Amino acid sequence: MCGKCMGTFLGWSVKRPSNLTKLLLLTCASVGLMALDAGHDRSIKAVRGWTGAVTYPAERLAALPLSAWTILTQALRSNEALRRENARLVDRDAILQAKVARLAALKAEFAHLNLLLKGFSIPGYRVTIARILDASSGPFTQRLILDEGRNGSVYVGQAVIDGHGVLGQVVAVHRDTSQVMLVTDPDSGVPVISTRDGLRAIVFGAGSNNPLKVPYLTGTADIHPGDVLVTSGLGGIFPAGYPVARVTQVSSNPNLAFLKVRAIPLSRLDYHTHVLLLWPRKPTPIGGPAR
Amino acid sequence: MNDALTFRQRAVVWATFASAILLTLAPLPNVLAILRPNWVALVLAYWYMAIPDRAGIGGAWVLGLFLDTIYGSLLGEQALAKAVLAFLILRFAHRLRVFPRWQQAMAVGVSVAVSDMVVLMIKSLVHGVHPIFSDTAPMVANAIVWPFLFVVLREVRRRAKIS
(Lines give C-alpha, C1' and ligand atoms only; values in the text may rest on other atoms or scores of the structure.)
Protein backbone atom coordinates (compact mmCIF):
# COMPACT_ATOMS: atom_id res chain seq x y z
CA MET A 1 0.00 0.00 0.00
CA CYS A 2 1.35 3.37 -0.90
CA GLY A 3 1.29 6.27 1.53
CA LYS A 4 -1.18 8.26 -0.56
CA CYS A 5 -3.71 5.44 -0.86
CA MET A 6 -6.81 5.50 1.28
CA GLY A 7 -7.87 1.96 0.47
CA THR A 8 -9.55 0.04 -2.28
CA PHE A 9 -13.02 0.26 -3.72
CA LEU A 10 -14.27 -2.56 -6.00
CA GLY A 11 -10.66 -3.42 -6.81
CA TRP A 12 -9.69 0.19 -7.63
CA SER A 13 -7.17 1.80 -5.33
CA VAL A 14 -8.56 5.08 -4.14
CA LYS A 15 -6.19 8.01 -3.65
CA ARG A 16 -6.54 10.56 -0.91
CA PRO A 17 -7.83 13.72 -2.63
CA SER A 18 -5.27 16.50 -3.00
CA ASN A 19 -5.83 19.84 -1.35
CA LEU A 20 -6.62 21.42 -4.71
CA THR A 21 -9.29 18.80 -5.40
CA LYS A 22 -10.78 19.39 -1.97
CA LEU A 23 -10.79 23.15 -2.52
CA LEU A 24 -12.57 22.78 -5.86
CA LEU A 25 -15.19 20.45 -4.38
CA LEU A 26 -15.80 22.73 -1.42
CA THR A 27 -16.04 25.75 -3.73
CA CYS A 28 -18.81 23.98 -5.63
CA ALA A 29 -20.52 23.17 -2.32
CA SER A 30 -20.25 26.82 -1.19
CA VAL A 31 -21.65 28.15 -4.44
CA GLY A 32 -24.52 25.65 -4.22
CA LEU A 33 -25.31 26.68 -0.65
CA MET A 34 -25.19 30.37 -1.53
CA ALA A 35 -27.51 29.82 -4.46
CA LEU A 36 -29.97 28.00 -2.18
CA ASP A 37 -29.68 30.70 0.48
CA ALA A 38 -30.03 33.61 -1.94
CA GLY A 39 -33.01 31.81 -3.49
CA HIS A 40 -34.80 31.88 -0.13
CA ASP A 41 -34.89 28.12 0.18
CA ARG A 42 -37.18 27.24 3.08
CA SER A 43 -35.03 24.53 4.70
CA ILE A 44 -32.00 26.88 4.80
CA LYS A 45 -34.11 29.62 6.39
CA ALA A 46 -35.18 27.10 9.02
CA VAL A 47 -31.52 26.40 9.85
CA ARG A 48 -30.98 30.16 10.23
CA GLY A 49 -33.79 30.61 12.71
CA TRP A 50 -32.42 27.74 14.72
CA THR A 51 -28.82 28.99 14.84
CA GLY A 52 -30.06 32.32 16.17
CA ALA A 53 -30.50 30.53 19.49
CA VAL A 54 -26.72 29.90 19.60
CA THR A 55 -25.51 33.21 18.25
CA TYR A 56 -27.53 35.46 20.53
CA PRO A 57 -25.80 34.22 23.74
CA ALA A 58 -22.44 34.46 21.93
CA GLU A 59 -23.10 38.10 21.11
CA ARG A 60 -24.12 38.82 24.69
CA LEU A 61 -20.92 37.11 25.90
CA ALA A 62 -18.85 39.22 23.52
CA ALA A 63 -20.44 42.39 24.88
CA LEU A 64 -19.72 41.28 28.46
CA PRO A 65 -16.31 43.00 28.90
CA LEU A 66 -17.87 46.32 27.92
CA SER A 67 -20.76 46.00 30.37
CA ALA A 68 -18.40 44.73 33.07
CA TRP A 69 -16.25 47.83 32.55
CA THR A 70 -19.28 50.05 32.90
CA ILE A 71 -20.29 48.33 36.14
CA LEU A 72 -16.74 48.49 37.48
CA THR A 73 -16.31 52.21 36.82
CA GLN A 74 -19.67 52.77 38.47
CA ALA A 75 -18.62 50.83 41.56
CA LEU A 76 -15.21 52.44 42.02
CA ARG A 77 -16.16 56.05 42.59
CA SER A 78 -14.93 58.07 45.50
CA ASN A 79 -17.03 59.14 48.46
CA GLU A 80 -16.41 62.76 47.55
CA ALA A 81 -17.77 62.31 44.06
CA LEU A 82 -20.85 60.57 45.45
CA ARG A 83 -21.51 63.40 47.91
CA ARG A 84 -21.25 65.97 45.16
CA GLU A 85 -23.53 63.94 42.97
CA ASN A 86 -26.01 63.57 45.81
CA ALA A 87 -26.17 67.33 46.32
CA ARG A 88 -26.70 67.84 42.62
CA LEU A 89 -29.43 65.22 42.52
CA VAL A 90 -31.29 66.80 45.43
CA ASP A 91 -31.33 70.06 43.51
CA ARG A 92 -32.54 68.35 40.41
CA ASP A 93 -35.21 66.51 42.35
CA ALA A 94 -36.98 69.80 43.05
CA ILE A 95 -37.03 70.68 39.37
CA LEU A 96 -38.19 67.21 38.41
CA GLN A 97 -41.01 67.27 40.94
CA ALA A 98 -42.37 70.30 39.17
CA LYS A 99 -42.14 68.50 35.86
CA VAL A 100 -43.85 65.38 37.19
CA ALA A 101 -47.00 67.42 37.64
CA ARG A 102 -47.06 67.90 33.89
CA LEU A 103 -46.37 64.24 33.34
CA ALA A 104 -49.78 63.24 34.64
CA ALA A 105 -51.39 65.24 31.88
CA LEU A 106 -49.08 63.73 29.30
CA LYS A 107 -49.86 60.25 30.59
CA ALA A 108 -53.53 60.84 30.08
CA GLU A 109 -52.84 62.06 26.59
CA PHE A 110 -50.73 59.02 25.86
CA ALA A 111 -53.48 56.69 27.02
CA HIS A 112 -55.86 58.56 24.78
CA LEU A 113 -53.59 58.23 21.77
CA ASN A 114 -53.12 54.55 22.49
CA LEU A 115 -56.86 54.14 22.52
CA LEU A 116 -57.09 56.00 19.25
CA LEU A 117 -54.58 53.62 17.77
CA LYS A 118 -56.59 50.59 18.84
CA GLY A 119 -59.64 52.06 17.16
CA PHE A 120 -57.55 53.25 14.23
CA SER A 121 -58.08 50.96 11.32
CA ILE A 122 -56.78 50.32 7.90
CA PRO A 123 -59.59 48.51 6.10
CA GLY A 124 -58.87 44.78 6.22
CA TYR A 125 -55.90 45.10 8.62
CA ARG A 126 -55.31 44.87 12.36
CA VAL A 127 -52.56 47.11 13.73
CA THR A 128 -50.19 46.80 16.71
CA ILE A 129 -47.37 49.00 17.96
CA ALA A 130 -43.94 47.38 18.32
CA ARG A 131 -40.81 48.87 19.84
CA ILE A 132 -37.49 48.94 17.98
CA LEU A 133 -34.85 47.12 20.05
CA ASP A 134 -31.91 47.45 17.72
CA ALA A 135 -31.08 48.83 14.31
CA SER A 136 -28.24 47.43 12.24
CA SER A 137 -27.10 49.42 9.30
CA GLY A 138 -24.36 48.69 6.82
CA PRO A 139 -23.85 48.70 3.09
CA PHE A 140 -25.29 45.18 2.85
CA THR A 141 -27.91 45.01 5.55
CA GLN A 142 -30.59 47.40 6.67
CA ARG A 143 -32.41 45.66 9.48
CA LEU A 144 -34.42 46.47 12.60
CA ILE A 145 -35.07 44.21 15.57
CA LEU A 146 -38.58 44.55 17.04
CA ASP A 147 -39.81 43.46 20.47
CA GLU A 148 -42.66 41.37 19.06
CA GLY A 149 -41.99 37.79 17.98
CA ARG A 150 -43.63 34.44 17.53
CA ASN A 151 -45.46 34.92 20.83
CA GLY A 152 -46.99 38.08 19.39
CA SER A 153 -48.09 36.18 16.26
CA VAL A 154 -45.63 38.00 14.03
CA TYR A 155 -44.94 36.13 10.79
CA VAL A 156 -42.34 36.25 8.04
CA GLY A 157 -43.42 38.58 5.24
CA GLN A 158 -45.51 40.83 7.47
CA ALA A 159 -45.70 44.52 6.55
CA VAL A 160 -44.19 47.15 8.87
CA ILE A 161 -45.15 50.82 8.50
CA ASP A 162 -44.86 54.10 10.37
CA GLY A 163 -46.94 57.26 10.28
CA HIS A 164 -45.23 58.46 7.12
CA GLY A 165 -45.14 55.35 4.98
CA VAL A 166 -43.83 51.84 4.48
CA LEU A 167 -40.76 50.86 6.52
CA GLY A 168 -40.20 47.29 5.40
CA GLN A 169 -41.21 43.72 6.01
CA VAL A 170 -40.52 41.03 8.61
CA VAL A 171 -37.85 38.57 7.43
CA ALA A 172 -37.15 36.49 10.54
CA VAL A 173 -39.22 35.70 13.61
CA HIS A 174 -37.77 34.53 16.92
CA ARG A 175 -39.56 33.77 20.16
CA ASP A 176 -39.92 37.34 21.45
CA THR A 177 -38.20 39.36 18.74
CA SER A 178 -38.39 39.68 15.01
CA GLN A 179 -36.18 41.08 12.29
CA VAL A 180 -37.42 43.66 9.80
CA MET A 181 -35.81 44.27 6.43
CA LEU A 182 -36.07 47.98 5.62
CA VAL A 183 -37.02 49.18 2.13
CA THR A 184 -33.43 50.43 1.77
CA ASP A 185 -32.02 46.91 2.19
CA PRO A 186 -30.47 45.65 -1.06
CA ASP A 187 -32.67 42.54 -0.86
CA SER A 188 -35.91 44.51 -0.50
CA GLY A 189 -38.44 45.04 -3.27
CA VAL A 190 -41.83 46.77 -2.87
CA PRO A 191 -44.50 46.80 -5.60
CA VAL A 192 -45.69 50.40 -6.05
CA ILE A 193 -47.91 52.57 -8.19
CA SER A 194 -47.35 56.22 -9.09
CA THR A 195 -50.01 58.53 -7.62
CA ARG A 196 -49.85 60.90 -10.61
CA ASP A 197 -50.64 58.52 -13.44
CA GLY A 198 -50.92 55.02 -12.00
CA LEU A 199 -47.68 53.70 -13.47
CA ARG A 200 -46.80 50.36 -11.87
CA ALA A 201 -43.20 49.73 -10.73
CA ILE A 202 -41.08 48.01 -8.11
CA VAL A 203 -38.89 49.91 -5.67
CA PHE A 204 -35.64 48.22 -4.70
CA GLY A 205 -33.27 49.12 -1.86
CA ALA A 206 -29.60 49.82 -2.55
CA GLY A 207 -27.92 49.99 0.86
CA SER A 208 -27.65 52.65 3.54
CA ASN A 209 -26.12 55.58 1.72
CA ASN A 210 -27.73 55.06 -1.66
CA PRO A 211 -31.16 56.18 -2.85
CA LEU A 212 -33.78 53.58 -3.74
CA LYS A 213 -33.74 52.16 -7.27
CA VAL A 214 -36.75 51.85 -9.54
CA PRO A 215 -35.48 49.61 -12.33
CA TYR A 216 -37.17 48.08 -15.38
CA LEU A 217 -38.93 51.26 -16.55
CA THR A 218 -38.57 51.78 -20.30
CA GLY A 219 -37.90 55.13 -21.97
CA THR A 220 -41.59 55.63 -22.72
CA ALA A 221 -42.63 55.39 -19.07
CA ASP A 222 -44.16 58.64 -17.78
CA ILE A 223 -42.22 59.28 -14.61
CA HIS A 224 -40.71 62.52 -13.35
CA PRO A 225 -38.81 63.74 -10.30
CA GLY A 226 -41.32 64.57 -7.56
CA ASP A 227 -43.70 61.72 -8.36
CA VAL A 228 -44.89 59.96 -5.22
CA LEU A 229 -44.92 56.16 -5.30
CA VAL A 230 -47.42 54.37 -3.08
CA THR A 231 -47.87 50.66 -2.47
CA SER A 232 -49.97 49.01 -5.12
CA GLY A 233 -51.14 46.12 -2.94
CA LEU A 234 -49.89 43.63 -5.52
CA GLY A 235 -47.97 40.72 -4.05
CA GLY A 236 -50.25 40.61 -1.03
CA ILE A 237 -47.73 41.77 1.59
CA PHE A 238 -48.28 45.52 1.84
CA PRO A 239 -51.71 47.18 2.06
CA ALA A 240 -52.46 49.35 -0.95
CA GLY A 241 -52.04 53.11 -0.90
CA TYR A 242 -49.20 53.60 1.58
CA PRO A 243 -46.49 56.09 0.56
CA VAL A 244 -43.16 54.41 -0.15
CA ALA A 245 -40.88 56.85 -1.93
CA ARG A 246 -40.58 60.08 -3.87
CA VAL A 247 -38.75 60.08 -7.21
CA THR A 248 -35.70 62.32 -7.09
CA GLN A 249 -33.90 61.64 -10.32
CA VAL A 250 -34.80 60.27 -13.75
CA SER A 251 -32.13 59.97 -16.39
CA SER A 252 -32.08 58.05 -19.61
CA ASN A 253 -29.04 56.65 -21.34
CA PRO A 254 -29.64 55.69 -24.97
CA ASN A 255 -27.23 52.77 -24.53
CA LEU A 256 -29.38 51.16 -21.84
CA ALA A 257 -32.76 49.53 -22.26
CA PHE A 258 -34.20 51.03 -19.08
CA LEU A 259 -34.41 54.44 -17.42
CA LYS A 260 -32.22 55.15 -14.41
CA VAL A 261 -34.70 56.19 -11.74
CA ARG A 262 -33.73 57.05 -8.15
CA ALA A 263 -36.07 57.76 -5.24
CA ILE A 264 -35.88 58.57 -1.52
CA PRO A 265 -37.94 56.67 1.07
CA LEU A 266 -40.81 58.65 2.61
CA SER A 267 -41.02 56.73 5.89
CA ARG A 268 -38.60 58.12 8.45
CA LEU A 269 -36.33 55.12 8.67
CA ASP A 270 -33.82 56.65 11.07
CA TYR A 271 -36.12 58.51 13.45
CA HIS A 272 -38.58 56.30 15.29
CA THR A 273 -38.58 54.09 18.33
CA HIS A 274 -42.01 52.62 17.59
CA VAL A 275 -43.40 51.12 14.42
CA LEU A 276 -46.72 49.59 13.38
CA LEU A 277 -47.18 45.92 12.51
CA LEU A 278 -50.07 44.98 10.21
CA TRP A 279 -52.12 41.79 10.20
CA PRO A 280 -54.52 41.17 7.33
CA ARG A 281 -58.00 40.27 8.63
CA LYS A 282 -58.51 37.52 6.08
CA PRO A 283 -55.91 35.25 4.46
CA THR A 284 -53.89 37.03 1.79
CA PRO A 285 -54.44 35.53 -1.65
CA ILE A 286 -50.75 34.98 -2.35
CA GLY A 287 -48.33 33.25 0.08
CA GLY A 288 -47.92 34.34 3.70
CA PRO A 289 -49.27 32.29 6.60
CA ALA A 290 -52.16 34.57 7.49
CA ARG A 291 -53.74 34.53 10.91
CA MET B 1 2.84 10.05 11.64
CA ASN B 2 1.97 12.04 14.76
CA ASP B 3 -0.17 10.72 17.56
CA ALA B 4 -3.72 11.98 17.74
CA LEU B 5 -4.31 15.09 19.88
CA THR B 6 -5.67 14.55 23.35
CA PHE B 7 -9.05 15.95 24.30
CA ARG B 8 -7.36 18.72 26.28
CA GLN B 9 -5.19 19.76 23.34
CA ARG B 10 -8.21 19.84 21.06
CA ALA B 11 -10.04 21.97 23.61
CA VAL B 12 -7.14 24.45 23.60
CA VAL B 13 -7.35 24.83 19.82
CA TRP B 14 -11.13 25.23 19.94
CA ALA B 15 -10.76 27.79 22.72
CA THR B 16 -8.45 29.95 20.58
CA PHE B 17 -11.06 29.96 17.82
CA ALA B 18 -13.85 30.74 20.28
CA SER B 19 -11.86 33.69 21.64
CA ALA B 20 -11.26 34.92 18.10
CA ILE B 21 -15.00 34.79 17.38
CA LEU B 22 -15.79 36.65 20.60
CA LEU B 23 -13.19 39.32 19.72
CA THR B 24 -14.88 39.67 16.35
CA LEU B 25 -18.34 40.08 17.88
CA ALA B 26 -17.26 42.42 20.70
CA PRO B 27 -18.81 45.84 20.22
CA LEU B 28 -16.34 48.60 19.27
CA PRO B 29 -16.71 52.26 18.40
CA ASN B 30 -17.16 52.73 14.64
CA VAL B 31 -13.68 54.15 14.05
CA LEU B 32 -12.02 51.12 15.65
CA ALA B 33 -14.46 48.64 14.16
CA ILE B 34 -13.21 49.54 10.68
CA LEU B 35 -9.69 48.59 11.79
CA ARG B 36 -10.78 45.34 13.49
CA PRO B 37 -8.46 42.55 12.32
CA ASN B 38 -9.98 39.38 10.96
CA TRP B 39 -9.20 37.44 14.16
CA VAL B 40 -10.70 34.13 13.09
CA ALA B 41 -8.75 34.12 9.83
CA LEU B 42 -5.50 34.92 11.65
CA VAL B 43 -6.00 32.18 14.24
CA LEU B 44 -6.88 29.77 11.44
CA ALA B 45 -3.73 30.82 9.56
CA TYR B 46 -1.62 30.22 12.66
CA TRP B 47 -2.87 26.68 13.33
CA TYR B 48 -2.75 25.65 9.67
CA MET B 49 0.81 26.92 9.49
CA ALA B 50 1.94 25.42 12.80
CA ILE B 51 0.36 21.97 12.44
CA PRO B 52 -0.34 21.51 8.72
CA ASP B 53 -0.42 17.70 9.00
CA ARG B 54 -3.35 17.79 11.38
CA ALA B 55 -5.33 20.49 9.58
CA GLY B 56 -7.58 19.95 6.58
CA ILE B 57 -9.42 22.21 4.21
CA GLY B 58 -12.74 20.57 5.10
CA GLY B 59 -12.38 21.66 8.71
CA ALA B 60 -11.83 25.27 7.65
CA TRP B 61 -14.91 25.05 5.44
CA VAL B 62 -17.08 23.81 8.29
CA LEU B 63 -15.71 26.57 10.55
CA GLY B 64 -16.61 29.09 7.83
CA LEU B 65 -20.12 27.70 7.65
CA PHE B 66 -20.44 28.20 11.39
CA LEU B 67 -19.20 31.79 10.99
CA ASP B 68 -21.81 32.37 8.29
CA THR B 69 -24.58 31.51 10.72
CA ILE B 70 -23.05 33.81 13.34
CA TYR B 71 -22.40 36.78 11.05
CA GLY B 72 -25.72 36.30 9.28
CA SER B 73 -23.95 36.36 5.92
CA LEU B 74 -24.96 34.24 2.95
CA LEU B 75 -24.50 30.58 3.90
CA GLY B 76 -21.29 29.39 2.21
CA GLU B 77 -19.70 32.83 1.87
CA GLN B 78 -17.31 32.65 4.83
CA ALA B 79 -17.02 28.90 4.24
CA LEU B 80 -15.56 29.48 0.79
CA ALA B 81 -13.25 32.23 2.08
CA LYS B 82 -11.92 30.05 4.90
CA ALA B 83 -11.40 27.09 2.56
CA VAL B 84 -9.40 29.33 0.21
CA LEU B 85 -7.36 30.64 3.13
CA ALA B 86 -6.69 27.13 4.42
CA PHE B 87 -5.58 26.03 0.96
CA LEU B 88 -3.17 28.97 0.61
CA ILE B 89 -1.70 28.51 4.08
CA LEU B 90 -1.32 24.72 3.72
CA ARG B 91 0.34 25.26 0.33
CA PHE B 92 3.01 27.52 1.85
CA ALA B 93 3.00 26.23 5.45
CA HIS B 94 6.57 24.94 5.46
CA ARG B 95 7.94 28.06 3.77
CA LEU B 96 5.96 30.38 6.05
CA ARG B 97 7.43 28.77 9.14
CA VAL B 98 11.02 29.71 8.23
CA PHE B 99 10.22 33.26 7.07
CA PRO B 100 11.38 36.17 9.24
CA ARG B 101 8.50 37.46 11.30
CA TRP B 102 7.77 40.60 9.24
CA GLN B 103 7.87 38.67 5.98
CA GLN B 104 5.56 36.08 7.52
CA ALA B 105 3.20 38.90 8.52
CA MET B 106 3.13 40.14 4.92
CA ALA B 107 2.53 36.65 3.50
CA VAL B 108 -0.24 35.84 5.99
CA GLY B 109 -1.70 39.32 5.50
CA VAL B 110 -1.87 38.77 1.75
CA SER B 111 -3.42 35.29 2.15
CA VAL B 112 -6.10 36.63 4.49
CA ALA B 113 -6.64 39.57 2.14
CA VAL B 114 -7.20 37.16 -0.75
CA SER B 115 -9.82 35.28 1.27
CA ASP B 116 -11.45 38.59 2.28
CA MET B 117 -11.54 39.62 -1.38
CA VAL B 118 -13.55 36.46 -2.05
CA VAL B 119 -16.10 37.63 0.52
CA LEU B 120 -16.20 41.15 -0.92
CA MET B 121 -16.64 39.77 -4.43
CA ILE B 122 -19.51 37.54 -3.37
CA LYS B 123 -21.16 40.40 -1.50
CA SER B 124 -20.92 42.76 -4.46
CA LEU B 125 -22.12 40.04 -6.84
CA VAL B 126 -25.11 39.09 -4.73
CA HIS B 127 -26.14 42.50 -3.40
CA GLY B 128 -24.89 44.67 -6.25
CA VAL B 129 -23.20 47.04 -3.77
CA HIS B 130 -19.60 47.89 -4.53
CA PRO B 131 -16.80 47.53 -1.97
CA ILE B 132 -15.51 50.80 -0.57
CA PHE B 133 -11.93 51.82 0.18
CA SER B 134 -12.29 51.40 3.94
CA ASP B 135 -12.83 47.67 3.35
CA THR B 136 -9.06 47.40 2.94
CA ALA B 137 -8.37 48.71 6.47
CA PRO B 138 -8.72 45.31 8.21
CA MET B 139 -6.25 43.84 5.72
CA VAL B 140 -3.58 46.26 6.96
CA ALA B 141 -4.59 45.62 10.57
CA ASN B 142 -4.13 41.87 10.01
CA ALA B 143 -0.47 42.24 9.04
CA ILE B 144 0.20 44.59 11.97
CA VAL B 145 -1.43 42.31 14.53
CA TRP B 146 0.11 39.08 13.22
CA PRO B 147 3.56 39.20 14.95
CA PHE B 148 1.92 39.71 18.35
CA LEU B 149 -0.77 37.11 17.77
CA PHE B 150 1.92 34.70 16.57
CA VAL B 151 3.90 35.03 19.80
CA VAL B 152 0.77 34.53 21.91
CA LEU B 153 -0.46 31.50 19.99
CA ARG B 154 3.03 29.95 19.89
CA GLU B 155 3.14 30.21 23.67
CA VAL B 156 -0.31 28.60 23.85
CA ARG B 157 0.82 25.82 21.51
CA ARG B 158 4.01 25.13 23.48
CA ARG B 159 2.24 25.09 26.85
CA ALA B 160 -0.32 22.62 25.47
CA LYS B 161 2.49 20.62 23.80
CA ILE B 162 0.67 20.57 20.48
CA SER B 163 2.93 19.70 17.56
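Here the structure is a predicted model, which means the values were calculated and not measured. Every chain is numbered from 1, with letters handed out A, B, ... down the list of sequences.
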Legend entry - Which portion of B:Val84 sits near chain A, non-hydrogen atoms under 4.5 angstrom: both

Inset, instruction - For A:Ser30 and A:Thr27, run side chain to side chain donor-acceptor pair (under 3.5 Å): C-alpha distance rounded to whole Å, both residues' side-chain angles, the deciding distance at 0.1 Å, then the answer. - result: CA-CA 5 Å; A:Ser30 299; A:Thr27 305; 6.0 Å; no

Legend entry - Under 4.5 Å from any heavy atom of chain A - which part of B:Ile21: neither

Inset, instruction - Identify the heavy atoms of A:Val170 and A:Leu277 that sit nearest to each other, and give their distance. - result: CG2-CD2, 4.1 Å

Inset, instruction - Verify the distance criterion only: is there a donor paired with an acceptor across the side chains of B:Asn142 and B:Asn38 at less than 3.5 Å? - result: no

Inset, instruction - Before accepting this row, confirm whether a basic side-chain N of the pair A:Arg143/A:Asp185 lies closer than 4.0 Å to the acidic partner's carboxylate O. - result: yes

Inset, instruction - Please state whether the side chain, the backbone, both or neither of B:Leu90 comes within less than 4.5 Å of a heavy atom of chain A. - result: side chain

Inset, instruction - Mind ranking B:Thr24, B:Leu80, B:Val126 by heavy-atom pairs under 4.5 Å with chain A and telling me who comes out on top? - result: B:Leu80

Inset, instruction - Please test B:Tyr46 against B:Arg157 for side chain to side chain donor-acceptor pair (under 3.5 Å), starting from the C-alpha separation and ending with a verdict. - result: CA-CA 10 Å; B:Tyr46 176 79; B:Arg157 185 174 64 81; 2.9 Å; yes

Legend entry - Structural part of A:Leu20 lying under 4.5 Å from a heavy atom of chain B: both

Legend entry - Between B:Ile122, B:Val118, B:Leu25, B:Leu65, the one whose heavy-atom pairs under 4.5 Å with chain A are most numerous: B:Leu25

